[in-house]
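Step one of this worksheet: look at the structure below.
Chain letters run A, B, ... following the sequence lines, proteins first, then strands; residues in each count from 1. Note that the structure is a prediction, hence the values are computed from the model and not measured.
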Amino acid sequence: MSNGDDVKTLIIDDQEVSARRGQTILEVARENGINIPTLCHLEGLSSVGACRLCLVEIKGSNKLLPACIATVFESMEVSTDTERLRKHRRTILELLFAERNHICSVCVSNGHCELQTLAQEQGLTHIRLPYRNPNLPVDASHERFTVDHNRCILCTRCVRVCAEIEGAHVWDVMGRGINCMVITDLHEEWGSSTCTRCGKCVQVCPTGALFDKGKIGSEHPKYPDFLPYLNLMREAR
Amino acid sequence: MSALTSPPLPSDDKRWKIVNGTMRKNGYARHALIETLHTVQSSFGYLDDDAIRFVARSLRVPLSQAYGVATFYHYFSLKPPGKHTVTVCAGTACYIKGADKLIAAAEKRLGIQQGQTTSDGQVSLMTARCVGACSRAPVLLCDGEVSGEMSREQMIEQLERWTVE
Amino acid sequence: MNIEELEQIAEGVRQENAQYDYEVNVCMDLACASQGADKLREALVQAAEASGKKVLIRRTGCMGPCSHGPLIRVDHADTLYRKVNAGHAESIVNSLGGEPVPELQCDLNEHFGSQVRVVLENAGYIDPEKIEDYIARDGYKALLTVLTEMTPAGVVHRITESKLRGRGGAGYPTGLKWGTVAKASGDMKYVVCNGDEGDPGAFMDRSVMEGDPHRVIEGMAIAGYAVGAKKGFIYVRAEYPVAVSRLTTALREARRRGLLGNDICGTPFSFDIEIRLGAGAFVCGEETALIASIEGKRGTPKPRPPYPAVSGLWSKPTLINNVETFANIAPIIRNGGKWFANMGSERSKGTKVFALTGRISNTGLIEVPLGIKLRKIIEVIGGGVPGGHTFKAVQTGGPSGGCIPAEMLDIGVSYDALMAAGSIMGSGGMIVMDDTSCMVNVARFFIEFCMTESCGKCIPCRAGTAQMYTLLTRICNGTATMDDLELLENLCSTVKEASLCGLGQTAPNPVLSTLKYFRNEYIEHIVNKRCPAGVCSMETPVEVLA
Amino acid sequence: MSKLKLATVWLDGCSGCHMSFLDMDERLIELAEFVDVVYSPLVDTKEFPDEVDIALVEGAVASVDDEKKIRKIRAHSKMLVAMGDCAVTGNVPSMRNPIGPEAILDRAFIENATAQPQIPCVVVPKLLNVVRPIHEFVKVDVFLPGCPPSAETFHTALTALVNGGPLDIAALTRFGA
């Protein structure tokens with residue numbers, strides 16, 4: 001039984017909504033059909049608040065908060081789609097496209113890519129920033145999967161699903177800043193790593209960075225929504 | 001009863017015992033990773049894969065996490081250092097007083113980029129993020145020894161001495 | 001150990017010192033040490049032996065005006081000698097009891113006259129490796145007073161009353177922070193001292209840790225009592241080996257004297273401190289990154305809330321203050337919160353240590369009451385810009401700060417005034433620039449710093465600083481267009497507002513402040529392909545043709 | 001009302017955008033009521049005309065020649081449209097950027113050559129070190145991403161441009177479409 005304190009009422013984009021105490025702004029927004037763009041967030045994994053696409057404005061504060069982490073409070077007024085937020089979202093997406101070599105036309109995830117879809121949703125028609133053109137490797141040593149670092153956006157979903165769900169923690173991030181890279185084990189080839197070959201990382205990867213060798217081109221949709229069910233089943237056990 | 005045992009020392013090199021000592025002192029806790037890597041680096045001069053693997057297994061830290069830590073912190077080096085190391089301080093005060101020109105001159109004289117070691121393994125050229133001797137800028141560390149108000153000529157002279165050794 | 005015993009130790013030191021007829025304090029801090037302070041000390045010892053005079057020759061921490069080093073302080077008359085070398089030893093010893101050596105005396109009355117020493121009160125007077133020296137100057141009195149006469153809430157109240165604000169940069173009220181941790185529930189709490197002084201151009205914390213380590217330990221122990229923590233960590237940069245060794249010695253001595261450990265001074269309060277080494281990551285100065293680093297992980301920040309005061313180290317309530325903040329605690333306890341609050345300006349109380357460097361005559365460490373005019377620091381304490389050059393700007397706050405131009409030198413140095421000027425107080429670096437510095441190039445320097453120090457977790461900081469660096473490089477080599485400038489300004493806004501932690505949120509400050517005050521320099525580079533200070537070579541890289 | 005002068009240009013691209021343009025089929029005739037194609041790989045004009053109303057540019061800027069062309073086109077066009085991903089992002093031609101032009105030339109003309117391996121240097125223009133989208137050289141008025149943009153996209157976009165009506169490009173197409 002919940003007492004009165006456990007239910008909060010708040011306003012998201014002029015819509016009055018109610019929420020349970022401890023819920024994030026993102027959860028409440030999605031329950032009410034309000035779309036907030038996300039990239040690093042994935043239901044079923046811990047939230048890191050790294051991509052900054054889900055930043056929202058809270059009335060009375062100049063600070064922008066990540067909706068995936070910030071929890072609701074009574075009478076808060078949230079704006080999720082202001083001109084200020086749209087400007088930052090476009091710039092963030094541009095930063096991602098310019099950071100590595102995302103050539104959509106020749107990507108296995110063309111048409112099923114979260115980054116590509118977000119770019120379209122946010123009205124991006126070109127990248128104003130200079131492309132950085134880094135020279136990055138493609139590791140196809142694994143018998144089933146490939147990692148193409150050119151398309152990695154460092155959302156760390158693979159790292160989290162491997163550590164938190166599969167419990168293997170084969171993936172992590174090496175280096176820092178602009179030189180960060182996801183790695184398996186001691187920066188060894190994926191194929192000879194301690195990978196359990198479960199393939200969860202491939203399913204949760206939002207872009208074409210991790211893909212299944214057996215699939216080509218447009219036949220490569222991913223199904224990251226298995227996670228909430230998996231967690232539910234595990235809890236039930 | 002715990003079935004987990006520590007991996008064997010990578011070799012009979014006595015320095016591994018020092019490394020093991022740091023881990024034992026910390027009860028083989030995962031949070032001792034950085035402390036232990038410091039010990040490895042001060043004992044061996046750098047961190048190689050064997051060392052990281054040994055430390056990671058001993059502390060039961062995932063390999064990728066240990067590698068992530070070792071490459072996150074710039075104080076750790078994954079390559080053996082040269083016989084001598086010249087470190088140019090690249091803090092703000094040194095920069096204002098021409099540290100960038102010192103770095104360029106050293107790179108030209110040694111034929112390497114900052115962060116690299118000459119092919120004969122004689123000299124490593126490093127830069128530091130402020131050693132805290134700003135009042136003596138620009139500052140140079142020759143094998144750890146601080147020299148202030150360094151001129152290009154003085155630095156080259158020191159490099160010459162090392163390269164003809 | 002109780003107050004009486006503490007007094008006995010102090011008396012012992014006084015008696016021991018009374019055996020000597022003269023005292024010579026030799027500064028052994030980095031700047032003086034790099035100019036032969038060690039040899040000088042040996043020569044003084046030999047000269048003293050040869051003369052038969054009873055001279056106490058003491059190694060001390062930084063005395064302040066490093067550009068005049070090696071420095072020594074002679075006798076009870078408090079005479080400071082500058083530019084001393086081993087060759088002077090004999091004449092110095094001979095002069096003891098007589099007239100000072102004229103050629104070594106320095107005229108720094110104005111330099112010292114405008115300073116007030118609270119944090120640096122012992123600097124240059126004690127041997128940092130001797131706990132007795134510290135005790136003889138009222139050391140650990142505050143801790144004992146707190147443990148025997150005050151409640152934890154009383155301690156928090158006194159700190160609140162002093163209006164001390166965090167000296168690490170952001171200026172969060174220290175009393176409020178302590179109160180929050182004290183109220184947080186949990187059987188285990190931690191006190192962390194942030195000694196990861198990463199700002200290039202700042203060395204205040206190094207000097208305090210090296211020159212007066214017990215002051216930090218005492219402050220932390222008092223904090224532990226006030227918030228209910230039993231365990232403390234000092235996180236020190238690995239680049240500061242001397243600080244690490246001095247702190248290690250100090251911790252050992254404090255434990256030996258029962259000032260750390262179980263049941264301190266016979267009270268039920270137990271507290272101990274461990275040292276943790278940083279490993280070359282500026283971002284670890286950020287609270288949540290520092291916590292990750294102590295936990296042995298990559299130093300990547302986490303979104304706040306939850307704040308460390310509620311959920312910090314190993315998810316326990318954690319108090320994090322910087323070295324200088326802790327160094328202020330003992331004097332506040334001894335002299336009262338009101339005494340401290342009487343110093344400084346309206347909303348910035350007490351004193352602040354600054355590392356004054358760059359194009360200025362008297363470089364070194366200074367401590368001034370907050371609210372002091374910037375002009376006084378530059379022109380009087382610093383002695384102005386040397387070599388016939390003209391002052392252009394002073395950079396405060398390191399990579400998170402900004403450049404303050406000549407026309408704003410009459411602002412008072414306070415958290416709010418510096419913020420209003422587009423900079424921040426920061427940890428205390430003050431780098432003076434003259435007409436030989438190109439402000440675009442300086443901005444590029446800081447952005448390069450932030451780019452390499454970005455942890456890489458959030459996109460605005462990771463990729464944004466890299467893009468800003470590219471655009472600034474274009475401006476510096478004369479290949480930029482006015483569109484690039486617009487892009488740069490747009491990026492500044494996103495990196496500032498959308499980054500996860502303080503590093504990213506403040507990274508654009510050096511660009512924004514130079515754009516605000518020195519926009520003409522940017523325009524000169526872009527439109528006329530000319531660097532007014534003559535720093536940027538304007539050589540178009542051989543890029544276009546293969 | 002006089003017809004608008006339309007030019008289409010082919011820089012470093014695969015000509016797929018031009019093919020897609022032609023895929024407008026019978027709608028091209030409809031379009032011809034409003035525009036004259038004054039310059040194009042599809043017509044026989046040799047010199048870029050002095051005054052063009054709308055220039056559709058396919059392809060990235062990859063050589064010194066491309067750079068010269070795009071500057072000239074900009075100078076003589078009222079409206080410049082970046083047509084397709086190569087013009088908008090650099091796309092496939094820019095995939096050589098991480099390794100530079102020498103490695104590519106070596107691979108194509110030396111390593112894989114079966115007879116007379118040599119890098120062509122006469123007549124062919126020099127390659128730029130980095131292939132860039134056209135907006136990094138000149139101001140672009142309209143960006144039409146897609147690889148290639150579909151005939152529908154062309155039709156909707158051109159109709160709007162010719163009539164001066166509203167145009168929401170992101171609703172029509174995207175990178176890699």
Side-chain angles (χ1 to χ4, degrees), chain B residues 25-26 29-39 41-42 47 55 59 61 65-77 87 89-101 115 126-137 139-142 144-150, chain C residues 29-31 33-35 65-67 69 197-203 205-207 237-241 243 276-282 284 293-300 314 355-359 362-365 395 398-399 429 431-434 436-437 442 445-446 449 452-453 455-456:
Chain B
K25 200 180 81 195
N26 285 285
R30 285 181 168 201
H31 64 72
L33 178 61
I34 294 173
E35 292 293 297
T36 314
L37 293 180
H38 269 299
T39 309
Q41 177 142 319
S42 61
L47 314 173
V55 173
L59 301 176
V61 171
Q65 191 181 340
Y67 199 83
V69 167
T71 52
F72 181 86
Y73 294 98
H74 286 187
Y75 194 79
F76 295 133
S77 170
T87 308
C89 179
T92 318
C94 292
Y95 178 76
I96 293 293
K97 292 195 171 176
D100 51 338
K101 294 186 182 72
M126 310 302 281
T127 56
R129 284 301 189 200
C130 193
V131 295
C134 314
S135 49
R136 303 262 298 133
V139 171
L140 203 68
L141 280 88
C142 297
E145 194 82 10
V146 177
S147 316
E149 288 159 35
M150 185 52 65
Chain C
D29 197 74
L30 198 51
S34 72
Q35 295 180 87
C66 308
S67 49
E197 184 172 58
D199 285 23
F203 55 96
D205 294 350
R206 177 182 66 72
S207 278
R237 300 176 75 194
E239 291 89 337
Y240 286 173
R276 279 283 187 267
L277 287 190
F282 174 69
C284 289
S293 189
I294 293 181
E295 292 174 353
K297 299 175 188 158
R298 291 165 61 84
T300 53
W314 292 298
L356 193 57
T357 60
R359 302 279 181 188
N362 303 328
T363 63
L365 276 194
Q395 210 280 348
I431 297 131
V432 178
M433 297 165 200
D434 63 13
T436 62
S437 296
V442 166
F445 167 81
F446 281 114
F449 181 91
T452 25
E453 295 300 328
C455 79

(Q) Between C:Ala279, C:Gly201, C:Pro200, who has the most heavy-atom pairs with chain B when the cutoff is under 4.5 Å? (A) C:Ala279
Q.
Below 4.5 Å, heavy-atom pairs only: which of C:Gly299, C:Ser207, C:Gly398, C:Pro241 has the largest tally toward chain B?
A. C:Gly299
Does any heavy atom of chain B fall under 4.5 Å from the side chain of [X], the backbone, both, or neither of them?
{"X": "C:Glu453", "result": "side chain"}
{"X": "C:Asp199", "result": "backbone"}
{"X": "C:Ala33", "result": "neither"}
{"X": "C:Ala355", "result": "neither"}
{"X": "C:Tyr240", "result": "side chain"}
{"X": "C:Arg276", "result": "both"}
{"X": "C:Thr452", "result": "both"}
{"X": "C:Ile431", "result": "side chain"}
{"X": "C:Cys284", "result": "side chain"}

Within-4.5 Å side-chain heavy-atom neighbours: [X] and [Y]:
{"X": "C:Lys297", "Y": "B:Arg30", "result": "no"}
{"X": "B:Phe72", "Y": "C:Thr300", "result": "yes"}
{"X": "B:Ile96", "Y": "C:Val442", "result": "yes"}
{"X": "B:Tyr73", "Y": "C:Ser293", "result": "yes"}

Need one label for [X]: side chain, backbone, both or neither, based on atoms under 4.5 Å from any heavy atom in chain C.
{"X": "B:Ala70", "value": "neither"}
{"X": "B:Arg129", "value": "both"}
{"X": "B:Ala137", "value": "neither"}

Q: Considering non-hydrogen atoms only, spot the tightest contact between C:Thr357 and B:Ala93 and give its length.
A: OG1-CB, 3.5 Å
(Q) Minimum heavy-atom separation for B:Val146 and C:Leu30, please, with both atom names. (A) CG2-CD1, 3.7 Å
Rounded to the nearest 0.5 Å, what's the gap from [atom1] on [X] to [atom2] on [Y]? Could you check?
{"X": "C:Ile294", "Y": "B:Glu35", "atom1": "CD1", "atom2": "CD", "result": "10.0 Å"}
{"X": "C:Arg206", "Y": "B:Cys134", "atom1": "CZ", "atom2": "SG", "result": "8.0 Å"}
{"X": "C:Glu197", "Y": "B:Cys130", "atom1": "CD", "atom2": "SG", "result": "7.5 Å"}
{"X": "B:Thr39", "Y": "C:Leu277", "atom1": "OG1", "atom2": "CG", "result": "8.5 Å"}
{"X": "B:Ser135", "Y": "C:Phe203", "atom1": "OG", "atom2": "CZ", "result": "4.5 Å"}
{"X": "B:Leu141", "Y": "C:Ser34", "atom1": "CG", "atom2": "OG", "result": "9.5 Å"}

Pairs of heavy atoms under 4.5 Å with chain C: top-ranked of [options]:
{"options": "B:Glu145, B:His31, B:Gln65, B:Glu149", "answer": "B:His31"}
{"options": "B:His74, B:Lys97, B:His38", "answer": "B:His38"}
{"options": "B:Val139, B:Ile34, B:Thr36, B:Leu59", "answer": "B:Ile34"}
{"options": "B:Gly144, B:Gly68, B:Ala90", "answer": "B:Gly68"}

